[in-house]
Protein chains: 2
Amino acid sequence: MNVSEFRRRGKEMVDYVADYLEGIEGRPVYPNVEPGYLRPLIPTEAPQEPEAFEDVINDIEKIIMPGVTHWHSPYFFAYFPTASSYPSMLADMLCGAIGCIGFSWAASPACTELETVMMDWLGKMLQLPEEFLAGKAGEGGGVIQGSASEATLVALLAARTKVTRRLQAASPELSQAAIMEKLVAYFSDQAHSSVERAGLIGGVQMKAIPSDGKFAMRASALQEALEQDKAAGLIPFFVVATLGTTSCCSFDNLLEVGPICKKEDMWLHIDAAYAGSAFICPEFRHLLNGVEFADSFNFNPHKWLLVNFDCSAMWVKKRTDLTGAFKLDPVYLKHSHQDSGLITDYRHWQIPLGRRFRSLKLWFVFRMYGVKGLQAHIRKHVQLAQKFESLVRQDSRFEICAEVTLGLVCFRLKGSNQLNEALLQRINNAKKIHLVPCHLRDKFVLRFAICSRIVESAHVQFAWEHIRELGEDVLRAEKE
Amino acid sequence: MNVSEFRRRGKEMVDYVADYLEGIEGRPVYPNVEPGYLRPLIPTEAPQEPEAFEDVINDIEKIIMPGVTHWHSPYFFAYFPTASSYPSMLADMLCGAIGCIGFSWAASPACTELETVMMDWLGKMLQLPEEFLAGKAGEGGGVIQGSASEATLVALLAARTKVTRRLQAASPELSQAAIMEKLVAYFSDQAHSSVERAGLIGGVQMKAIPSDGKFAMRASALQEALEQDKAAGLIPFFVVATLGTTSCCSFDNLLEVGPICKKEDMWLHIDAAYAGSAFICPEFRHLLNGVEFADSFNFNPHKWLLVNFDCSAMWVKKRTDLTGAFKLDPVYLKHSHQDSGLITDYRHWQIPLGRRFRSLKLWFVFRMYGVKGLQAHIRKHVQLAQKFESLVRQDSRFEICAEVTLGLVCFRLKGSNQLNEALLQRINNAKKIHLVPCHLRDKFVLRFAICSRIVESAHVQFAWEHIRELGEDVLRAEKE
């Protein structure tokens, strides 16, 4: 394909994308395919000769679309939102064309520098403490990671290196293995599975702290675990606090947990993957109070801030904590500016070496929405969640299972788990809307997450009426 | 921005991208900016109100482009290529629009299933042993990772889990920490820094094996290290063999290293990040001989197979080795098909939870180039490297420093390192072409990597004449 064909096909693709998103409401939100559907539809090997673009684009509707779960449909209420916006897609096109691999400043100065400044812009939107910003001479700063899972892992590894060096400085005879055997990290029993996974990868013990009645990690439970572990000779070194848990969007108590971390010299990492975007609204910023106690903070603009995946924003107070954990400098990656102090080589901040020019997405989205436009998006979603909550509350056969703070409503039919499993199955079999469940303690609960950029009050109303009808069917079937 | 503005702006962006790539030869390949150039050019905070698209797009030339290292310029001969092609960019637009997060089969069946089948297509193009393919009921299969660094880390973690379980099955009293303390992994002293980093992250000892005169890891050196370590009570468990090292594109001797790994029950991971793409050509396939001994194999189609970053292709013989190391299954990610045996939940194969619909890029590129088109791309690059090599060999003041097998030529002025450092500095200061150096043993060497999709014989000729002229200047300056 030469450049003139790209001009033509690129414009056709823009129209295909526009048509897809404009018509997404008309597609079934959840696909009607069985595992293994795709393989028989395509050849068993790649073609030897080139095929025409028409054949490829025609196959999208024939082969791909029947198997797509449409995350941007206004009838998609599953998981958490994944962001999508036109400015972000335009930025991604540019990112692909520039196609630089920004592992060091020299590999593309604009890629590194725009990222640093955009992370400062975003940090200011969240009113992060000054220490997290790079500014002109700060010790902290932000980096775009691929996912919150990576951010948690990077924080854990940095904390592990830091505590190991501290202990070895005091007792040089201690081996790394002897230290690692005794390290212990804490997270709420409501934290995302990626937190426990970070511990598995890093080879350190992780302990789940029982959350309270509001599914929050509190001082008392954390303190109790700490005392037990210290008495047993373990070395507490790392705590993950979650703001906006995956199951029910609960918030760990930062103002209680933070001071304990300071006192015990434990690294505090905050995972606000979903909820973090909301903190750009003054009325939700209080949920972030206590961030001043943290060593690292992360949330995903690719969830709720209209920046397409992937773009996970992470800040640290001391960049040398990250670079100290990872820095290896082969000659082919050295460049003349790297010891100037003014520049950043982001490869030392992350797991992979390569990285795309992802800050272009932030730049386009911030400028074309403005802070007010982004705040309006968050507020609309929260209002829709409140509307759904009030609809549920009006029906005495249903119950709300956790406080509704942002865009997620956890609800269920009053009654057994079996009843609610049957309800969920009917909902997802009908394929008019799509939901996923969670467990809150021993209860099977349905999660209703406001997801789509284009979801409106009418879609929520429709979804509720549909759920209520199926609920009635389930209740009737139970009586029979 | 509404959908009709996206139609208009998207088409403008297609033209901007086409203009950029069509005119890339006219831009200076390496930017003329100093660290910190960007921050003063843009506001200190995000705007409150939306800005117009014109303002954003105008700023690309004003603010971004002056700081871009143009990786796709035909005068870019640094690092290794990063792939770029129009079909891949078109696929990426579609990927952004669908915007699904394919962490499980249910989260978007097409995303998972196309990936499995495309990895089979690619595996067949490479003539990988059947065991690496998913097929309809295979135990192996492929997955798209973000980078070769991640693939190495994932392989190391899987190997660590596997050996730990094996040892604990035999001696249940052994703690994980007691085992980890004794684990040791091997890699060539020519391996990429990400290999050593994987060991740092995984908390295991890594030992560099001295490579031979051709910069290859051989049986004797590996065997020697093994015997020493076993005598010292260590547990060898993991070997990374590199096909196409970063410094000079040397090849570890798989046919020697592989049988040792089998005999000693060590996991063999092959990192062919750059060179792997060449194995689709029958004349280069012999370089992969010995892959049958490997447990996992990885290369980057995003380097040399015209698939834009990121797309790192990894295969394993036993998928349960990966999933066994990572599997954690919270309720909100469970779905009704997951125990059917027919489906794949790729989140258990990788570090992050989220993943884009990256297989669309493979599908578009394979179909629109055909295998023959891709082979032609590889062959053209290899021929251009051979041309450059022969130009260098014709000038007795220069020397070739390592065998030229694929698209990389390592060369230098005969003489001191200082002389060659001066030459490189002149080359990169002149900014007509861009190169990076490496060390081979104690020699400072210049790397000339054929990178751009559009590089032609005339560009290589120009580059050589330019280098020769600057070489003369350097030699003259030395004599004065």
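Residue numbers start from 1 in every chain, and the chains themselves are labelled A, B, ... in the order their sequence lines are given, proteins ahead of strands.
Both the backbone and the side chain of A:Y37 come within contact range of chain B, judged by heavy atoms closer than 4.5 Å. Both the backbone and the side chain of A:M93 have a heavy atom closer than 4.5 Å to some heavy atom of chain B. At a 4.5 Å heavy-atom cutoff, A:L362 makes no contact with chain B through either its backbone or its side chain. At a 4.5 Å heavy-atom cutoff, A:N428 makes no contact with chain B through either its backbone or its side chain. Looking at A:T44, both its backbone and its side chain come within 4.5 Å of chain B, counting heavy atoms on both sides. Heavy atoms of A:S108 lying under 4.5 Å from chain B belong to its backbone as well as its side chain. If you measure heavy-atom distances from A:M125 to chain B, the contacts under 4.5 Å come from the side chain alone. B:R355 touches chain A through its backbone: at least one of N, CA, C or O sits under 4.5 Å from a heavy atom, while the side chain does not. Of the atoms belonging to B:P352, heavy atoms from both backbone and side chain fall under 4.5 Å from chain A. For chain B, the nearby part of A:K124 is the side chain; its heavy atoms alone come within less than 4.5 Å. With a 4.5 Å cut-off on non-hydrogen atoms, A:P43 touches chain B through its backbone and its side chain both. With a 4.5 Å cut-off on non-hydrogen atoms, B:S149 touches chain A through its side chain but not through its backbone. With a 4.5 Å cut-off on non-hydrogen atoms, B:Y20 touches chain A through its side chain but not through its backbone.
Within the 4.5 Å cutoff, the side chain of B:L353 has heavy atoms near those of the A:H192 side chain. Looking at heavy atoms from C-beta onward, B:L114 lies in side-chain contact with A:I42 at the 4.5 angstrom threshold. At a threshold of 4.5 Å between non-hydrogen side-chain atoms, the residues B:I101 and A:K303 do not count as touching.
Under the 3.5 Å distance criterion, the side-chain polar atoms of B:W363 are left unmatched by any main-chain donor or acceptor of A:V56. The main-chain N or O of A:A106 is found under 3.5 Å from a side-chain atom of B:T69 such that the two form a donor-acceptor pair. Proximity of a side-chain donor or acceptor of B:E113 to a complementary backbone N or O of A:L38 within less than 3.5 Å is detected. Between the B:R9 side chain and the A:P87 main chain, no donor and acceptor come within less than 3.5 Å of each other.
Classification of the B:W71-A:F103 ring pair by plane angle, with boundaries at 30° and 60°, yields perpendicular.
Annotation: maximal heavy-atom pairing with chain A below 4.5 Å, among B:A148, B:G96, B:P109, occurs at B:P109. In terms of non-hydrogen atom pairs under 4.5 Å with chain A, the most contact-rich of B:I201, B:L21, B:N308 is B:I201.
Note: B:R347 CZ to A:S193 OG = 7.5 Å, rounded to the nearest 0.5 Å. A:R7 CZ to B:D19 CG: the interatomic distance, rounded to the nearest 0.5 Å, is 4.5 Å.
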